[in-house]
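Structure first, commentary second.
So you know, we letter chains A, B, ... as the sequences are listed, proteins then strands, and number each from 1. What you see below is based on every heavy atom in this structure, not just the backbone, and it leaves out hydrogens, waters and symmetry mates.
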Protein chains: 2
Amino acid sequence: MNSQPLLSYINKIVTLTEEEETYFTSKLVYRKYLKGQYILQQGDVSNKICFIVSGCVKMFYVDDLGQEHILMFGVENWWTSDLGSFVSQAPSDFNVQCIEDTELIQVSHNIIEDTYSKIPKLERCFRIIVEKAYVASQKRIVRNFSMSAKDRYLVFNESYPEIEQRIPQYMVASYLGITKEFLSKIKSQIATEK
Amino acid sequence: MNSQPLLSYINKIVTLTEEEETYFTSKLVYRKYLKGQYILQQGDVSNKICFIVSGCVKMFYVDDLGQEHILMFGVENWWTSDLGSFVSQAPSDFNVQCIEDTELIQVSHNIIEDTYSKIPKLERCFRIIVEKAYVASQKRIVRNFSMSAKDRYLVFNESYPEIEQRIPQYMVASYLGITKEFLSKIKSQIATEK
DNA sequence: AAATAATGTTAATCTAGTTTAACATTTATT
DNA sequence: AATAAATGTTAAACTAGATTAACATTATTT
């Protein structure tokens with residue numbers, strides 16, 4: 001298994017010794033999923049968090065009216081999972097499905113506490129990761145509060161130009177919290193402006 | 001200074017020894033603010049996180065059009081601060097202002113790293129706190145995605161019945177992301193239904 | 001007790017974004 | 001190459017929530 005992408009990622013945040021790397025690596029599970037496969041399903045307990053080595057996933061939920069709402073995408077060097085379900089080991093509200101064939105490294109719940117205790121630096125690392133995720137989540141709330149759909153689309157576009165190329169437009173609309181028809185209108189509006 | 005409320009709070013998450021409590025307590029700062037005072041101002045660096053012993057605060061930002069948007073309230077046993085600014089020591093996007101006279105315990109940025117190293121249990125504690133905050137933030141995004149303003153109001157009401165009593169209605173509206181006029185309409189609508 | 005400031009209500013008009021529905025284009029499958 | 005499935009577009013009618021503005025009520029200050 002090639003754990004290198006994950007180790008490089010972690011070493012940007014904390015510095016692990018060789019033994020620590022070896023120990024941690026021995027606990028990891030490598031997996032491949034095909035496009036369309038589910039990594040997590042609404043109602044199941046998320047017993048692992050996944051580091052994406054390659055590919056692309058969407059995390060979404062289906063509301064009472066059967067409508068799909070995308071909360072986040074995941075690409076190379078991102079984490080994916082329902083953290084709420086992972087930490088509480090309660091049934092998840094979300095699905096994670098592959099939009100492309102995806103390779104990932106899984107860190108399972110039953111090793112994480114033990115790993116934190118053995119290698120406190122990893123607990124620090126995950127603290128920092130979650131802090132960043134929280135800050136990003138708050139920023140998204142702020143954008144949804146005071147920006148128009150058009151401006152949210154432009155921000156998404158500037159922030160993640162690579163992602164926009166890789167996913168169908170109706171998923172971008174879902175992520176932005178608007179209908180695909182309205183995004184289509186926004187795009188044609190932007191095109192005319194130029 | 002009375003650090004007991006904070007220590008009880010922490011001991012629900014991790015168990016500190018007496019020496020650890022003493023050490024940590026020695027680093028804390030106790031402060032009182034009056035209603036109306038600012039604990040943090042947009043543009044300033046948030047150099048402390050604050051544990052609320054008593055009182056009530058709002059965290060908000062003012063957008064380009066001069067409109068105030070409330071991101072969260074804080075009451076007894078809650079934390080308040082712009083965590084993004086705190087961890088990165090960059091200027092804050094948010095204000096934190098007291099809605100009531102407020103007593104708090106401050107943990108300053110310059111002691112936090114040192115404290116984490118000396119007492120890894122506290123790093124664990126804060127990891128867990130941030131995890132919960134992140135999960136709550138995601139849930140809020142979900143609600144804003146697929147619930148009407150009326151339903152969001154009802155959820156807020158059920159989740160924080162104590163808070164609703166303590167703050168003016170226009171602030172609830174701001175928190176929900178709607179105008180005070182529309183909240184007024186929602187409330188009269190709810191009243192007629194019964 | 002009067003005056004002022006802060007908070008809350010109502011109603012008319014307006015708009016960003018939804019819904020519905022029909023059609024167009026691109027991609028995948030046989 | 002033909003067909004089906006997935007994705008994207010356009011336009012008309014609609015709705016949740018915003019805006020404006022006038023007024024009502026409740027606190028606070030003098």
Side-chain angles (χ1 to χ4, degrees), chain A residues 34-37 56 58 60 62-70 73 97-101 141 143-157 163-194, chain B residues 34-37 56 58 60 62-70 73 97-101 141 143-157 163-194:
Chain A
L34 294 174
K35 178 174 175 173
Q37 281 191 301
C56 184
K58 61 174 175 176
F60 66 101
V62 178
D63 70 18
D64 303 337
L65 300 159
Q67 282 208 297
E68 182 176 315
H69 300 275
I70 296 179
F73 298 107
Q97 189 184 16
C98 297
I99 301 176
E100 300 172 1
D101 293 355
I141 291 177
R143 284 196 301 271
N144 288 340
F145 252 134
S146 52
M147 290 172 69
S148 68
K150 180 180 169 186
D151 287 345
R152 263 145 49 215
Y153 169 66
L154 292 172
V155 167
F156 174 75
N157 235 312
I163 295 186
E164 225 230 329
Q165 310 311 313
R166 289 165 74 169
I167 56 184
Q169 200 165 296
Y170 71 89
M171 290 189 192
V172 178
S174 172
Y175 175 85
L176 295 173
I178 58 176
T179 58
K180 63 190 200 320
E181 290 84 356
F182 191 54
L183 179 53
S184 193
K185 201 168 169 181
I186 287 170
K187 287 188 86 170
S188 80
Q189 193 186 317
I190 290 170
T192 348
E193 273 169 16
K194 287 172 190 165
Chain B
L34 295 174
K35 179 175 174 173
Q37 282 190 301
C56 184
K58 62 175 175 175
F60 66 101
V62 178
D63 71 17
D64 303 338
L65 301 158
Q67 282 209 297
E68 184 176 315
H69 300 273
I70 297 179
F73 299 107
Q97 189 184 17
C98 298
I99 301 176
E100 300 172 0
D101 293 354
I141 290 177
R143 285 196 301 272
N144 288 339
F145 253 136
S146 51
M147 292 173 69
S148 68
K150 181 182 170 186
D151 289 345
R152 263 146 47 215
Y153 169 66
L154 291 171
V155 167
F156 174 75
N157 236 311
I163 295 186
E164 224 230 329
Q165 310 311 314
R166 290 164 75 169
I167 56 183
Q169 198 166 299
Y170 70 89
M171 290 189 193
V172 177
S174 172
Y175 175 86
L176 295 173
I178 58 177
T179 58
K180 62 191 203 316
E181 290 85 355
F182 192 54
L183 179 54
S184 193
K185 202 168 168 181
I186 287 170
K187 288 188 84 169
S188 80
Q189 193 185 316
I190 290 170
T192 350
E193 274 167 16
K194 287 173 190 164

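Nearest to the side chain of B:Ala149, among C:dT9, C:dG17, D:dG17, sits D:dG17. Between D:dG17, D:dT9, D:dG8, one nucleotide has an atom nearer to the side chain of A:Tyr170 than all others, and that is D:dG8. Listed nucleotides: D:dG8, C:dT9, D:dT19. Nearest to the side chain of B:Gln169: C:dT9. Side-chain proximity of A:Pro168 to the nucleotides C:dT18, C:dT7, D:dG8 is greatest for D:dG8. Across D:dG17, D:dT10, C:dT9, the shortest atom-to-atom separation from the side chain of A:Glu181 is found for D:dT10. Taking only side-chain atoms of B:Lys185, from C-beta outward, the nucleotide of D:dA18, C:dG17, D:dT10 with the closest atom is D:dA18.
Remark: C1' of C:dA16 and CG of A:Asn144 are 15 Å apart, rounded to the nearest angstrom. Rounded to whole Å, atom P of C:dT7 lies 22 Å from atom CZ of B:Phe182. When the P atom of D:dA18 is taken as reference, atom CG of B:Asp63 falls 13 Å away, rounded to whole Å. Taking atom CD1 of residue A:Ile167 and atom P of nucleotide D:dA6, one finds them 18 Å apart after rounding to whole Å. Atom-to-atom, CG of A:Leu183 to C1' of D:dT10 comes out at 14 Å; the value is rounded to the nearest Å. To the nearest angstrom, C1' of D:dA16 lies 15 Å from CE of B:Met147. Rounding to whole angstrom units, NZ of residue B:Lys150 and C1' of D:dT15 are separated by 15 Å. Remark: C1' of D:dT15 and CG of A:Leu65 are 15 Å apart, rounded to the nearest angstrom.
Side chains of A:Glu164 and A:Tyr153: a donor on one and an acceptor on the other come within 3.5 Å.
The side-chain heavy atoms of A:Asp151 and A:Leu154, taken from C-beta on, include a pair separated by under 4.5 Å. Side-chain atoms of B:Ile163 and B:Phe156, non-hydrogen and from C-beta on, do get closer than 4.5 Å to each other. A heavy-atom distance below 4.5 Å is not found between the side chains of A:Arg166 and A:Phe73. No side-chain heavy atom of A:Ile167 sits less than 4.5 Å from a side-chain heavy atom of A:Lys58.
Applying the 4.0 Å criterion to OP1 and OP2 of C:dT18, one finds that A:Thr179 has a side-chain N or O inside that range.
The residue among B:Lys35 and B:Gly177 whose nearest nucleotide of DNA chain D lies closer to the 5′ end is B:Gly177.
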